[in-house]
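Below: the structure, in structure tokens.
Since the model is a prediction, treat every value here as computed from it, not as a measurement.
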Amino acid sequence: MLFLAVVSCLLYCTVGAEMSGALNDVWEFTESYLLTVWQNRVYVYTTAAVLIAVCFTVNMLFKKKKMVDAVSPLLDKSVKNQKHSPEAEKVIHVSGVKVFYGSQTGTGKGFAKELAGDVIAQGIQCEVMDMKEYDPEDRLAEECTSKMICVFLVATYTDGQPTESAEWFCKWLEEASTDFRYGKTYLKGMRYAVFGLGNSVYVGHYNTVSKNIDKWLWMLSAARIMTRGEGDCNVVKSRHGSVQADFQAWKTKFLNRLQALAKGEKKACSGKCKSASCKNKKKHKEEAEDSQSHAEKNNSEEELMESSSDAESSAEEEKSHGSVIDMEDLGNVMNRMKKAKRMEGDEEDSQRVKLSKQNGVRKSESEEERREMITPALRDALTKQGYKLIGSHSGVKLCRWTKSMLRGRGGCYKHTFYGIESHRCMETTPSLACANKCVFCWRHHTNPVGTEWRWKMDPAEKIIQEAVENHKNMIRQFRGVPGVRPERFEEGLTVKHCALSLVGEPIMYPEINSFLRLLHQQNISSFLVTNAQFPEEIRSLVPVTQLYVSVDASTKDSLKKIDRPLFKDFWQRFLDSLRALGEKQQRTVYRLTLVKAWNVDELKAYADLIALGQPDFIEVKGVTYCGESSASSLTMANVPWHEEVIYFVQQLANLLPDYEIACEHEHSNCLLLAHHKFKVDGEWWTWIDYERFQELIQEYEESGGTKIFSAMDYMAKTPIWAIFGARERGFDPSDTRFQRKNKTKDISGCLEGS
């Protein structure tokens, strides 16, 4: 072991000495090399920079070559495709059309679908959108970049408010237009057009919804592509005769404008192109000739339309005047415009036929230029409902109680209360127009509305002659029908009574007095119903067998809610009409229609109105539900039970010391309050002596109106079965009551007797 240790030590010393010498040599060489590099470092840095630059350049050249090689085939293919498909070179200016509609009765929806069909026919995509299903807060801003054209077809409803389906859209748009958080350019880039549906008889609210939408969109920097269009349901003032015709005219302009936009034109060609290559010279020439021949019409149309933009408006003025209007001349221009408008209004007033006290109104010089009340669309709708239309504004229809009494199944409530022979009663009207739009209108508002007579007028002789003839023809259709009593069929061919209550406001007819006289000359009694909006006409009315006034509510607010009158001073007219009724000498009636939850809690107010007019009778009837209608929110829940009507009448009678419940007609859900003067020796005399009335009215006419008579002069005794509390409950025992096994709603009868 000792030997090994000695050997190892000797070896370590020898090798260590050699390695130490080698390491010293390496260090000396390295030190010398590094020192040389450091001394020549500038050259080293320069060389390195050059090498890096060369490498980078070579690398970029190789990459560029690869990209060119990869793209070249695609470019060649694209060029080939462009040569074979020219459409690829076109720029899309209009990607499609969105038609938004807000409708109450379905007219706007129908217009939207019709417009969409025409747009699609032009090869442009179109989408119809119900405003109720569209959230403008989330989606409207998308239309700014979609290259879509947005069209708004909106109707104006009660008091100038939007329809229920458009309510949220309008509310949001109005708030956004004045909200600084959205800004004035929120809808910049959006293109739109607006068409409104309204009725100009509502003077203060005509097409306000379409005007507001147009204004609010413009305030948010959306761009109109054309002027706003307005459809008028009032055929008298409608630009083209009806709201449908107004829409057709606007639609034609819109489709032409859409074609121009799709081609990239920013403005419709004016026909005054400086270029000689204009292809529409012939069209412009024809339009210019048409414009010249219809200057007045065009001027009036321009009053309704707003300019699509300030620039467009000024451009049109420059084209029409040839220069910019100086500020000093602006006053003269405005004066000329006001004068022209005033002259137009005077001319319009001179052509208007006012309702006359003397009732001697005949055709004026412009009568032939006036439009007919019954438009083709209205004629189709009324004919489907069973009307026999007469001339241009009258109609007749067979009441369901007439059919019932022909078959011995009972008469209407007027048979129970007043002794009318229902199978000999003709229900007609000389005026289909009305001044109200009542929520319970059983005609579903298919009739026109208005506050004065501005239509063509047919003579009273023609109306009565055709009404009687049409009524007889409808009666003849019951010949041989099972159950029809032969004797009543023969009696029914001779009209004995006329209920002027079919639809509309008969007192609006300017020749209503002539009409009534002709009825009386044919020994036909007259039952005239008015809606208490024409007090002067009530005062000037000749004697009638019985004059009704509809009292549908007892306060101003509830009357506005239920009747929805057109007159702004409707309440004053209503009260004045009741006063005028109190001045009449013949039989007068208040007709109250009870609508549960609407007007049944106003007993004291009703009592005050009764004291104002002092009618002979008060009919209280539960409202008749006539099915669903988009123009009314009435439901079966608003129809009171007969017991509820009885309770209401009893409560009302307690507030009226001069009145008492006299009669009842359970089948019509109706009761009669009569003045005590018709209760003679404890017996009611509510029936009418029709023969005596004809004698009295003849004496009145022969004396020139000096020999007057009163309701007491032609009353007759009421039968026991018609008295309130009788076992029959108002059903004539000479007839047989018929009960349907399947009780379906029958809405074919008259409102008075249903």
How close do Gly410 and Trp401 get, counting heavy atoms only, and between which atoms? O-CE3, 3.8 Å

For Val645, side chain to side chain contact (heavy atoms under 4.5 Å, CB included) partners two or more places apart: Leu594, Val620, Pro640, Val649, Asn669, Leu671

With Lys496, which of Gln522, Glu421, His423 fulfils side chain to side chain donor-acceptor pair (under 3.5 Å)? Glu421

Is the closest basic N to carboxylate O distance between Glu469 and Arg476 below 4.0 Å? yes

Here the gap from Leu519 atom CG to Arg517 atom CZ, rounded to the nearest 0.5 Å, amounts to 12.0 Å

Go through the steps for Ser392 and Asp458 under the test side-chain contact (heavy atoms from CB on, under 4.5 Å), then give the verdict. CA-CA 7 Å; Ser392 62; Asp458 301 321; 3.3 Å; yes

Tell me every residue that passes ring pair (Phe, Tyr, Trp, His ring centres under 6.0 Å) with His675, counting only those two or more places apart in sequence or in another chain. Tyr659

In this structure, OH of Tyr418 is separated from CD of Gln546 (nearest 0.5 Å) by 4.5 Å

Between His520 and Phe693, is any pair of side-chain heavy atoms under 4.5 Å apart? yes

Should the pair His667 and His665 be assigned to parallel (<30°), tilted (30 to 60°) or perpendicular (>60°) ring geometry? perpendicular

Could you list the residues that satisfy side chain to side chain donor-acceptor pair (under 3.5 Å) with Glu683, not counting sequence neighbours? Lys717

Can we say Lys677 and Asp658 salt-bridge, meaning some charged N sits less than 4.0 Å from an Asp/Glu carboxylate O? no

Partners of Thr494 by side chain to side chain donor-acceptor pair (under 3.5 Å), sequence neighbours excluded? none

Contacts of Asp232 that satisfy salt bridge (Lys or Arg N to Asp or Glu O under 4.0 Å) - sequence neighbours left out: none

Who pairs with Arg692 by salt bridge (Lys or Arg N to Asp or Glu O under 4.0 Å), at least two apart in sequence or on another chain? Glu695

Does Met426 reach the side chain of Val396, with side-chain heavy atoms less than 4.5 Å apart? yes

Evaluate the side-chain contact (heavy atoms from CB on, under 4.5 Å) criterion for residues Cys663 and Thr686: first the C-alpha distance (whole Å), next the side-chain angles of each, then the deciding distance (0.1 Å), finally the verdict. CA-CA 9 Å; Cys663 302; Thr686 65; 3.8 Å; yes

Is there side-chain contact between Thr545 and Ile697, with heavy atoms separated by less than 4.5 Å? no

If I take atom OG from residue Ser200 and atom OH from residue Tyr206, how far apart are they, to the nearest 0.5 angstrom? 5.5 Å

Please list, chain by chain and in numerical order, all residues satisfying ring pair (Phe, Tyr, Trp, His ring centres under 6.0 Å) with His471, sequence neighbours excluded. none

Any residue meeting side chain to side chain donor-acceptor pair (under 3.5 Å) with Asp380, in chain and number order, not counting sequence neighbours: none

Could you grab the distance from atom SG of Cys425 to atom NZ of Lys414, nearest 0.5 Å is fine? 5.5 Å

Going by salt bridge (Lys or Arg N to Asp or Glu O under 4.0 Å), name the residues that satisfy it together with Glu372, two or more places apart in sequence or in a different chain. none

Taking every heavy atom of Leu500 against every heavy atom of Pro430, the minimum-distance pair comes out as CD2-CD, 3.9 Å

Kindly compute the distance separating CG (Leu578) from CZ (Arg573), expressed to the nearest 0.5 Å. 13.5 Å

Got a second to check how far Leu672's CG is from Glu664's CD, nearest 0.5 Å? 11.0 Å

Counting neighbours of NZ on Lys560 that are heavy atoms of other residues, nucleotides or ligands and sit closer than 6.0 Å, is the number greater than 12? no

With the side chain counted from C-beta on, respond yes when Lys456 and His393 share a heavy-atom pair under 4.5 Å apart, and no when they do not. no

Charged N to carboxylate O below 4.0 Å: is that the case for Arg488 and Glu491? no

Against Ser394, only a single residue in Thr429, Ile463, Leu432, Thr428 fulfils side-chain contact (heavy atoms from CB on, under 4.5 Å); can you say which? Ile463

Verify whether one side chain among Ser734 and Asp732 offers a donor that lies under 3.5 Å from an acceptor in the other. yes

Which residue in the set Phe617, Tyr714, Trp687 passes ring pair (Phe, Tyr, Trp, His ring centres under 6.0 Å) when paired with Phe678? Phe617

For atom NZ of Lys584, decide whether the heavy atoms of other residues, nucleotides or ligands shown that lie under 6.0 angstrom number more than 12. yes

Considering residues at least two apart in sequence or located in another chain, which fulfil the salt bridge (Lys or Arg N to Asp or Glu O under 4.0 Å) criterion with Arg485? Asp735

Below 4.5 Å, heavy atoms only, C-beta onward: do Trp453 and Tyr509 meet side chain to side chain? yes

With Ser550, the side chain to side chain donor-acceptor pair (under 3.5 Å) member among Gln533, Arg591, Glu619: Arg591

Output all residues satisfying ring pair (Phe, Tyr, Trp, His ring centres under 6.0 Å) with Tyr690, sequence neighbours left out; order by chain, then residue number. His497

Going by the rule side chain to side chain donor-acceptor pair (under 3.5 Å), which residues pair with Gln698 if we only count those two or more places apart in sequence or in a different chain? Glu702

